[in-house]
Amino acid sequence: MPSTRLTQSLRRLWALDKFSYSLRVFVALTGSMALCWQQDRMELLIPLFLGIIASALAETDDSWQGRLTALLVTLGCFSIASLSVELLFPYPWVFVSALALASFGLTMLGALGERYATIASATLILSIYTMIGVDQRDGAPTNLWQEPALLVAGAAWYGLLSVLWQALFTHQPVQQSLARLFRELGQYLKLKSALLEPVRQLDVEGRRLALAQQNGRVVAALNAAKEVILHRVGNGRPGPKVNRYLKLYFLAQDIHERASSSHFPYNELAEAFFHSDVLFRCQRLLRQQGGACQALGRAIQMRQPFDYLDGAQALEDLNKSLEHLRIQSNPAWRSLLRSLNALANNLATLDRLLIDSSNPDALAEAQDSSLLDRSPQGLKDVWERLKQNLTPTSLVFRHALRMGLALAAGYGVLHLIHPEQGYWILLTTVFVCQPNFGATRRKLVQRIAGTLIGLALGWALFDLFPGALVQSAFAVVAGVVFFATRATRYTLATAAITLLVLFCFNQVGDSYGLFLPRLVDTLLGALIAGLAVIFILPDWQGRRLNQVVANTLTCNSRYLRQIMQQYANGKRDDLAYRLARRNAHNADAALSTTLSNMLMEPGHFRKEADIGFRFLVLSHTLLSYLSALGAHRSEQPGEALNPVSEQAASQIAESLDCIAEGLADRRPISIHRDEEDALAKALEQLPEDMDDRPRLVQTELGLICRQLGPLRTLAAHLLNEGKVA
């Protein structure tokens, strides 16, 4: 029994997404530390460690072949950057000009995608590491190649471990990304079930807001899983294992579309069926399905079988409850019961999808399993993307200009006051300066707090453990903690990297002299980053809220058009449809992120946040009605369409585009449109003998049409607030 528990604990540890990353860092740091001790050359430790850190920061997910290519590119960039620092360092004016231009150019590479942005950022960080090494020599004669060679050697050592690990465990990142996706989907389903709570005067708007914010996390997980799978598929045909994961990914997309569907305003259903248990049955089944999604995530992560059996009884109870309501033959419930039937059918399909997930290999091949690769395809595409972003309206351009000027200012400050190890000012600026004020403010506070904690711990540990060997072990542990927590707990990560620096420098000198300079440098670097994001082409989220909302409405309009094409031509989950659906959800998530960042900004710039959050609720409600339309597509062309529905869908899409254009161009938007009211009333006139499928389409279009009036009102208020500002 103890051995079984130990095996399970080790299995859970192995399944953690940060474990493999941390283990590689541990092996790299320990190996370098052992080499320096064995050779009695502890002065080599700092550049080797810094090279390992830079290489680990440059790492992105890929197949082993892709990672090898990325490593060679990274080492080339590191070599050029490090040698450039060595050559230009004696000429301050030339050096600061080159630093500003290089910072601008490297940051602009972010326009090409995350992989390029990550390598560029790590190259900039390694350049500053080289400055620290050059400054540490304090003019002592040395080989020009020594510092760059050691930094690149450390980077190559970690990169080699990374490539080997990827070759041995190529599917582990796919499992971890899918596990995260199903965990987030499970949480979304549980939050969605809270909307079905049969309570009068329920705070539906507050719960929809929480649901919209969780939807942003689901969308991020979907995008991350797609990129990880795409790196394994490439341009070729996926192997059996990758094909299995690809089927699970498409299954997650189907679950997400059905989970985000809404078939009627829930508060009206709660009012009508307050004395029935039908909504409770729906809520119970949806919660069980959320738990099943999370259990599926755990099974994927632990590489264990998954069997979904919980939904059968709950589904049977729901059907009996619906049958009891139908027997009562209440005329007032007729249309509402149809919506409840659609909801029950949707939940039954969700149940079947979860049953299918038990054996994804048995699932049919997707009609179109292609994935959109957003990375640049060739040098021409690279140039086009860079050229498009070479304008002050581009967020990447603004951040690049900000970074270049901030580092030049930091270089001037360190020469002005000439503190010991002053290049930590530049390093702090790089880590703290983010593309917007909210993210910068968050990083600034976390960086300062983490530095204070790290210095306090360092002071205590120096006194408690004066032995060099013990301090070396602490340095390795601190490095592992930094990489394990840097994406989720940045305060702890900053404390860890501060400890690593202190212990490393203590191997070759007296680190007590670093305590005050490290604190001063952090404060100065954070101050420069904060001033840069405020005064250099600031990107206040409130000022572009109209653009973000306009993009949300435009994407919803395109999604609606794609859905109606599917109804006309027959259901087919092709790339065009999936792309329109994903863009609509991405835009919804981007609005949620923008509003979260707005809350971190000064009061004057966040006064439109209330309107923004109301927009988010309306936008997500609109998206849920669109998802319901998408979820009920039929493979029979034109089966569920009639002239009223087709004309209504076209008019609704045009209205959404009209509101979006008015917002984007800051043109006046009429609050009331008689033709939209007439259209909504026409859609709500449903003959009793109408078939269920055309009735569902027309009902959902009517619900969407009723959103246009509130959207117009909020859009007009947003533009009026913008004029006042």
Derivation and outcome, salt bridge (charged side-chain N to carboxylate O under 4.0 Å, His left out), residues Asp356 and Arg352 | CA-CA 6 Å; Asp356 290 342; Arg352 286 196 297 273; over 6 Å; no
Name of the residue among Leu616, Thr554, Leu591, Leu711 meeting side-chain contact (heavy atoms from CB on, under 4.5 Å) with Val549 | Leu591
Starting from the C-alpha separation in whole Å, work towards a yes-or-no answer on side-chain contact (heavy atoms from CB on, under 4.5 Å) for Asp574 and Gln566.
-> CA-CA 10 Å; Asp574 54 11; Gln566 296 271 312; 3.8 Å; yes
Is it true that a side-chain atom of Ser63 and a backbone atom of Gly66 form a donor plus acceptor pair closer than 3.5 Å?
-> yes
Interatomic distance, CZ@Arg183 vs CG@Leu178, rounded to 0.5 Å, equals 10.5 Å
Determine the sole option in Lys320, Gln328, Arg326 for which the side-chain hydrogen bond (donor to acceptor under 3.5 Å, both in side chains) test with His324 is passed.
-> Gln328
First locate atom OG1 of Thr594, then atom CD of Gln547, and finally report the distance between them rounded to the nearest 0.5 Å.
-> 11.5 Å
Nearest-0.5 Å distance that lies between atom CZ in Arg385 and atom OH in Tyr116 | 8.5 Å
Would you check if Arg581 and Ser260 make a side-chain contact, meaning some heavy-atom pair closer than 4.5 Å?
-> no
Minimum side-chain heavy-atom gap Ser592-Asn215 below 4.5 Å | no
Under 3.5 Å, is there a donor-acceptor pair between the side chain of Arg578 and the main chain of Asp573?
-> yes
Met564 to Ala649 - nearest heavy-atom pair and separation | CG-CB, 3.4 Å
Would you call Asp317 and Arg284 a side-chain contact if the rule is heavy atoms closer than 4.5 Å?
-> yes
Does the pair Asp610/Arg614 count as a salt bridge with the N-to-O cut at 4.0 Å?
-> yes
What closest approach, in Å, do Ser627 and Tyr559 show between heavy atoms, and which atom pair accounts for it?
-> CA-OH, 3.9 Å
Do Arg258 and Thr349 come within less than 4.5 Å of each other through their side chains, counting heavy atoms only?
-> yes
Is any NZ, NE, NH1 or NH2 atom of the basic residue among Asp677 and Lys681 found under 4.0 Å from an Asp or Glu carboxylate oxygen of the other?
-> no
Please check if the side chain of Lys192 supplies one atom and the backbone of Leu286 the other of a donor-acceptor pair under 3.5 Å.
-> no
Ala584 backbone acceptor or donor facing Asp588 side chain under 3.5 Å | no
Within-4.5 Å side-chain heavy-atom neighbours: Leu560 and Leu629 = yes
Spacing of Ile611 atom CD1 and Leu595 atom CG [to the nearest 0.5 Å] | 11.0 Å
Will you find, in the side chains of Arg217 and Gln214, an N or O donor that is under 3.5 Å from an N or O acceptor?
-> yes
May I have the step-by-step check of side-chain contact (heavy atoms from CB on, under 4.5 Å) for Ser670 and Arg712, ending in yes or no?
-> CA-CA 7 Å; Ser670 58; Arg712 286 183 176 279; 3.6 Å; yes
Arg667 side chain near Glu661 side chain, heavy-atom distance below 4.5 Å = yes
Minimum-distance pair of heavy atoms, taken over all atoms of Asn546 and Ala664 | ND2-O, 3.9 Å
What heavy-atom pair brings Val396 and Ala111 nearest, and what distance separates the two atoms?
-> CG1-N, 3.9 Å
Kindly determine whether Ser645 and Asn642 satisfy side chain to side chain donor-acceptor pair (under 3.5 Å), including the steps that lead there.
-> CA-CA 5 Å; Ser645 297; Asn642 57 44; 3.1 Å; yes
Derivation of the side-chain contact (heavy atoms from CB on, under 4.5 Å) call for Leu189 and Leu350 | CA-CA 11 Å; Leu189 285 167; Leu350 265 175; 4.2 Å; yes
Above 12 or not: heavy atoms from other molecules or residues under 6.0 Å from CG of Leu379?
-> no
Decide side-chain contact (heavy atoms from CB on, under 4.5 Å) for Met598 and Leu545; before the verdict, give the C-alpha distance in whole Å, the side-chain angles of both, and the deciding distance to 0.1 Å.
-> CA-CA 9 Å; Met598 271 183 69; Leu545 182 60; 4.1 Å; yes
If you look at every heavy atom in Ser193 and Arg287, which pair is closest and at what distance?
-> OG-CG, 2.9 Å
Please tell me if the side chains of Tyr249 and Leu222 come closer than 4.5 Å, counting only heavy atoms from C-beta onward.
-> yes
Count the heavy atoms of every other residue, nucleotide or ligand shown that sit under 6.0 Å from CZ of Phe280, and state whether that count exceeds 12.
-> no
Ser650 (side chain) donor-acceptor with Gln647 (main chain) under 3.5 angstrom = no
In this structure, CG of Leu248 is separated from CG of Asn243 (nearest 0.5 Å) by 10.0 Å
Drop me the distance from Lys226's NZ to His231's NE2, to the nearest 0.5 angstrom.
-> 9.0 Å
Do Glu384 and Lys387 meet the salt-bridge criterion of a basic N to acidic O distance under 4.0 Å?
-> yes
Aromatic ring pairing Tyr188/His256, orientation class (parallel under 30°, perpendicular over 60°, tilted between) | perpendicular
Taking only Lys NZ, Arg NE, NH1 and NH2, and the carboxylate oxygens of Asp or Glu, determine whether Arg232 and Asp61 approach each other closer than 4.0 Å.
-> yes
Determine yes or no for a side-chain-to-main-chain donor-acceptor pair under 3.5 angstrom, with Ser624 supplying the side chain and Ser261 the backbone.
-> no
In short, Arg180 meets Ala224 closest at the heavy-atom pair NH1-CB, 3.9 Å
If you draw the axis of the six-membered ring of Tyr577, does the NZ or CZ of Arg633 fall within 45° of it and under 6.0 Å from the ring centre?
-> yes
Is the closest side-chain heavy-atom distance between Arg561 and Asp657 below 4.5 Å?
-> yes
Does a donor on one side chain sit under 3.5 Å from an acceptor on the other, for Thr621 and Gln707?
-> no
